[in-house]
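Take a look at the structure set out below.
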Amino acid sequence: MDVENPLIGSDGSPEFYHDGEASVNRHSQIYRRGSNLSETSFVSNVEMAHDEVFAGPMPESVPSSISSFAHRRNRADSTAASFTYLDMNEQQDWDIGGTEIDGDQEYGFEECDVDLEACNLSHPRRKSSTYSGISPEDPLLRRHISTTTDASGVGRGHRVSQKIYILTEDMTIVVAGFSTNVIGSIIYFSLCILSFGLAYLLFKWLPRWKIFLVGSASPLRDCSWVVIENQWGELSLHDISKQSYGRPLSTVFMSQEKSPIGDEEYDEEDPIIDYLRSINYRYVTFFYHPLNGKFVLSNDWKDPSWTDVRSVRAGLDGEERDIRERIFGRNVIEIEEKTLFQLLVDEVLHPFYIFQIASLILWSLDEYYYYAACIFVISVVSIATTLMETKATMRRLHEISRFECDVRVLRNGFWRHVSSGELVPGDVYEVTDPSLTQFPCDSLLLSGDCIVNESMLTGESVPVSKTPATNESLHNLDPGSSSIPSDIAKHFLFSGTKIIRARRPQNDKDDEGVALGLVVRAGFNTTKGALVRSMLFPKPSGFKFYRDSFRYISVMAGVALLGFIASFINFIRLKLAWHLVIVRALDLITIVVPPALPATLTIGTNFALSRLRKKGIFCISPQRVNVGGKLDIVCFDKTGTLTEDGLDVLGVRVVQRPTKRFSDLLSSPSVILPGSFREHDPTLDYDFQKIILYTMATCHSLRSVDKELVGDPLDIKMFGFTGWSFSEGDQKSAVMEEDGQNRLSPSVARPPDGFEPDQMTSGQSLELGILKSFEFVSQLRRASVVVRRFGATGGDIYVKGAPECMKDICRAESFPIDYENLLNYYTHRGFRVIACATKHIPKLNWVKVQKMNRSEAESSLTFVGFIIFENKLKSNTTEILKELGSAGIRRVMCTGDNILTAISVARECSLIDETAHCFVPRFLEGDCTSPNARLVWESVDNPNYRLDEYTLKPQSPPPQSDASLPYDIVNLRNYSVGVSGDVFRWIIDYAPEEIVKRMLVCGEVFARMSPDEKHELVERLQSLEYSCGFCGDGANDCGALTAADVGISLSEAEASVAAPFTSRVFDISCVPEVIREGRAALVTSFSCFKYMSIYSAIQFTSVSFLYASASNLGDFQFLFIDLLLILPIAIFMGWTGAYPTLCRKRPTASLVSRKVLTPLLGQISLCVLIQFIGFEYVRKQPWFVPPQIDHEKSNVRNSENTTLFLTSCYQYTLSAIVLSVGPPFRQSMASNVPLVITLVIATLLSTYMLFDPAKWLFDFMDLTVLSMPFKAFVLALALSGFACSWLAERWVFPHLASAIGKAKTALLPLPPKKRKEYKILKDEMCQS
């Protein structure tokens, strides 16, 4: 067996000792849970760029399986190609969420049927994609045994770097250990002093240089500081925090492995840790594991003693609490708020402001005092404004994040009030404290019940009920998981969520008089902490425009360097003074690269955000605004997004006996079951009608708050239809008296007064007690309750859910013969159908109820009937979907509803063509779990019409087919495809990749989709190079919303972790608004950038011509150009609003494309030509005043200066008109009143200075006398240049760019530009 060297501390002493004399109470100590070194873990491609910052509170909100990461695509704009500081010998060695995985281990399956939350899969799947670096066919890596040798052959104690994938952040980082190099540090400080701080700035901007100079690679066990690099190439340096500890290893880490140290002295299972070494990266803490030689995440701690709900109620003692606080920190989300001085230093040391400072010094040396003073004032105002905005933003974020209140906590067996900041995992606190308005940490409800508002997490304000945890849920709790499964989510209290109601236990036998919560996660490890981190550290968008703009700036800097060299040589030729030569040459750089250029990139985005806010659309990720302008496809949830939230009950259809057919539609409670048995029709059997009414009255998740029912809107509508009343266990009911235990006062449903459905209730009040509820689970698609009527010995189980799931849980003989026909009838017409079933239990007692599990309750049921809901479209849904369709944006419905209902609604709202066939696949052989299953794709209107099962193209219609089809279905060319969730899952897992891609390209309706599958659909579409948007109500769509390029949540909250965009207008009108503003922002950014580039080119040209004779522009001339012309024009150019109509054309996002560079270079050439004509023509005039060469200073008063200055003033103004892009992406320039006023004033000022300036202005601007004909010539020259620029921009340059492209293709036969994959697939499928 290979072994490692002993771990030695920095002082030469061992880092840990025997646990020989330590006496530890294992029950009360901190342990790291076993899953920290779990047997299996999932590894997937790490080069991701999704904004998934939070997994959400329930599987209905997020992917419940880590396997969904397997299908993520490699983004083209990812920069995660390599890591600078990762030792290549250790690249195979991984940490995933703190779990150690070695790549040299064999891929395979250790177990076959295990929990998905543990990252295992119940059955092997085929390779799901071609874009993942690691095949999902190999999702499981065998657990690494610490005694094996690393891939590099180096002992763990000598590891100098490690790679960690942080699952909850969807981020890969590399941690590299360093120690300070004394010689390098001396050189570094010497350079900083000798260069008067310039070297300090250079090393600050280029940290890799500093690391190379002052750092020397050091093993992680010995290093004094680390470098952390993430997948986007962002670097940060962190000191190692070291504190004395002196406690066993098991109090921080799960001690599952034997020590890798060979000496008997250290070969103990639980050695003492003398010092606890840790690093904090973006408020995530990593602790150094001395046995593994690695840093391990600390956010997934679980005490192994958390197995019994009653035992954990004892809480902690004071000593144990203090120890845990040392590890987990205080329970506060405390953002490190920089002081004003620190912010000022950071701002001033930014390269932009350093460039400004250097420019100010340069201008002052050149005696441009007024100009330098004005720019200095503007810079100070800009810095002050930025500082105030930054401070205000940090203050707002601090107010949102920091929450501290007094809580009653159980310590040392006594209740006491403490600050919520003192809570640590394992603490027990009172939830029913009246002063507690929101939960201060992530906790588990131990007793009592709560109703909470989780809109901060899901974006949906529907109240959520919480019930006490069981021993099983406590055992299954996994704090480090990326999501909380449904069986635990109903007990889990998320930090920051608001308490609507909290009640003490209603159980008389429970000795607790208050509701209790167990602290599970605290501080930044909570869900609220994840939301705050997402705001503090948004993931880089990698948008091409920003990268290209800085490339262009680099090119301009190169041009400036050439100008510097040329000017330097020319000035030496003219024998100017050396100080003048250097200052003048350097001045060219400040002209070619204007300091305000980077700021113009955000103007369009800022104005777009402001306009969106006025329309009730809020954004927490501003860089996504521009991305919205490039959307190709938008996926929509159905219920609550395309259709109204509140469904109206149309009626019920009940199975009639003995005919085994459905009854007619029963549209009111009195028709379903008359209020008195005396009114019953003796020819009818009312048993099933009574059961379906009782199901509607009891099978729901409603709660009573302030005498008002809250819960799922569908449940509220259904219960309201019955006319019954509901009491939520607020009084003792006779239902449980005969058990003699009175353990719980159940919720009770009561009919209206006088309701006597049978002789049993004659003269008695009817009460239905809900003894146990199995809540709705999206994977099962059903909910059920156990109910007993007052006075009865037996009970009933009532189940409601999706019609498709009933066949698995109901007896086959209970289904009517017209089951499928009636279901198709209603779903084809867009109605939502809920199926009901029941089972009677002759004898039922409390113990039996509590022992009953879900599978036992929901089996061998009798089918009862259907509840029919009307699913009305929102008023503007059809109009908006048509608008998106006409703009060439593909629309997809992604819903949990029935496939036929979804197709009907899609046709009604024009999402798919009403006259075209819609094909739906079904299993011809096997099912969704069979790898060898076979599908047949049939038209929902006529099964004789089918698609080819491999190409998904329509087959020739059979000759015997009936031509008379509903909806006038005659169109086979514009067909669409609808896919249900089980088929989608099978296609993804087992079908050939080509079929997967074809399904994604032609699929318009995806029904019965779980939250996982919605998430995966979005990522699959992205893998085909779609720029994908998603719009939903938040609760069931969190995973898809965060995965989408642009996610829009319909929510009342201004900021929700569910999506980067949140709309307070609860319809899909927000989608075209975001697209319109995104396109406008993108075009505005291009226009402003082009304008600033032309401005610098115009000024560079003017100065270059003047430099030929040692002249220059005057101080106030520069001032007039930059402050009165450029600054207001550049700002107001972005003021233009978005064009109200979406067009099929999309704006380009590439700054270096021919479409952008050809017009830009063309405009620059025209500007140079106009100035050249004026420059040459003025020199031929008889009154020409030549520049006088002064070897000590520049001559300003000359005819060349005046001509070029006045000509360029027109160019600056009129270029803005040429570059102000209007339709089809922005409104016309005429709608931008501030810009029009600015341009008019600027033009009038320039004309006034040209023709008749006042004496003071004439002298002030250093002008010379021009003849009137020449003045007219200058005006005509400027106007003709404007006309040429206008015509060329609209007509010449676009054709020239096309011609250049054709010439390039002809002369350089390079491979054609790669088209997006989905476009290639669409073209292939359109070919007959």
Side-chain angles (χ1 to χ4, degrees), residues 30-44 46 48 52-55 66 69 93-102 117-119 141 143-144 146 156 159 161-177 220-221 226 228-231 236 238 240-241 249-257 273 276-304 324 326-329 333 424-425 442 477-484 520-527 529-530 532-534 537:
I30 305 176
Y31 292 87
R32 177 160 293 272
R33 63 184 178 86
S35 60
N36 184 49
L37 295 170
S38 61
E39 293 188 0
T40 53
S41 291
F42 183 85
V43 176
S44 120
V46 299
M48 309 176 217
E52 184 173 322
V53 294
F54 164 62
I66 311 306
F69 287 108
D93 202 0
W94 277 70
D95 277 345
I96 299 190
T99 302
E100 183 183 347
I101 300 177
D102 276 0
E117 282 301 323
C119 312
L141 298 178
R143 181 169 64 88
H144 169 76
S146 66
R156 290 195 185 277
R159 181 192 306 278
S161 65
Q162 68 177 109
K163 184 188 284 188
I164 304 173
Y165 176 58
I166 308 174
L167 186 64
T168 55
E169 304 292 310
D170 185 22
M171 179 169 62
T172 303
I173 63 172
V174 163
V175 180
L220 294 175
R221 70 173 187 184
V226 296
I228 298 182
E229 180 184 13
N230 63 25
Q231 68 217 60
S236 57
H238 301 266
I240 300 290
S241 173
L249 184 78
S250 59
T251 60
V252 185
F253 308 100
M254 186 64 186
S255 182
Q256 288 189 346
E257 304 173 1
I273 303 177
L276 200 59
R277 305 173 73 239
S278 63
I279 52 176
N280 189 290
Y281 176 67
R282 296 186 173 184
Y283 302 104
V284 177
T285 304
F286 300 83
F287 287 101
Y288 180 74
H289 194 301
L291 299 186
N292 292 342
K294 286 184 172 185
F295 284 96
V296 179
L297 274 169
S298 69
N299 65 351
D300 54 359
W301 178 85
K302 180 184 178 183
D303 194 325
R324 295 191 181 187
R326 291 173 64 185
I327 297 174
F328 302 108
I333 301 175
V424 295
D442 282 353
L477 175 68
D478 181 4
S481 172
S482 64
S483 65
I484 303 297
V520 175
R521 299 186 294 210
F524 271 100
N525 289 334
T526 63
T527 49
V532 173
R533 277 201 305 271
S534 73
F537 309 107

**OP:** Starting at CD1 of Ile173, measure out to CE of Met171 and round the result to the nearest 0.5 Å.
**Re:** 6.0 Å

Subject >> Inter-residue atom distance Arg533.CZ - Arg282.CZ, 0.5 Å rounding >> reply: 10.5 Å

Original post:
By side chain to side chain donor-acceptor pair (under 3.5 Å), which residues pair with Ser278, not counting sequence neighbours?
Top reply: none

Subject >> Atom of Gly293, atom of Leu220 and distance for their closest heavy-atom approach >> reply: O-CD1, 3.8 Å

**OP:** State, to 0.1 Å, how close Val296 and His289 come at their nearest heavy-atom pair, and which atoms those are.
**Re:** CG2-CB, 3.8 Å

Original post:
Given side chains that start at C-beta, do those of Phe287 and Ile327 come closer than 4.5 Å, heavy atoms only?
Top reply: yes

Original post:
Do Phe295 and Phe286 make the cut of ring centroids closer than 6.0 angstrom?
Top reply: no

**OP:** Report yes or no: does Lys302 contribute a side-chain atom to a donor-acceptor pair with the main-chain N or O of Pro479 at less than 3.5 Å?
**Re:** no

**OP:** Quick one: closest heavy-atom pair of Leu276 and Ile273, and the distance?
**Re:** N-CG2, 4.3 Å

Subject >> CD1 on Ile240 to CG on Asn280, rounded to 0.5 Å >> reply: 11.5 Å

**OP:** Output the distance between atom OG1 (Thr527) and atom CG (Asp442), rounded to the nearest 0.5 Å.
**Re:** 4.0 Å

**OP:** Quick one: list whatever passes side chain to side chain contact (heavy atoms under 4.5 Å, CB included) with Ser236, sequence neighbours left out.
**Re:** Ile228, His238, Tyr281

Subject >> Between CD1 on residue Ile279 and OH on residue Tyr288, distance to nearest 0.5 Å >> reply: 11.5 Å

Original post:
Any side-chain heavy atom of Val175 within less than 4.5 Å of one from Lys294?
Top reply: no

Original post:
Between atom CD of Glu229 and atom NZ of Lys163, what is the distance when rounded to the nearest 0.5 Å?
Top reply: 10.0 Å

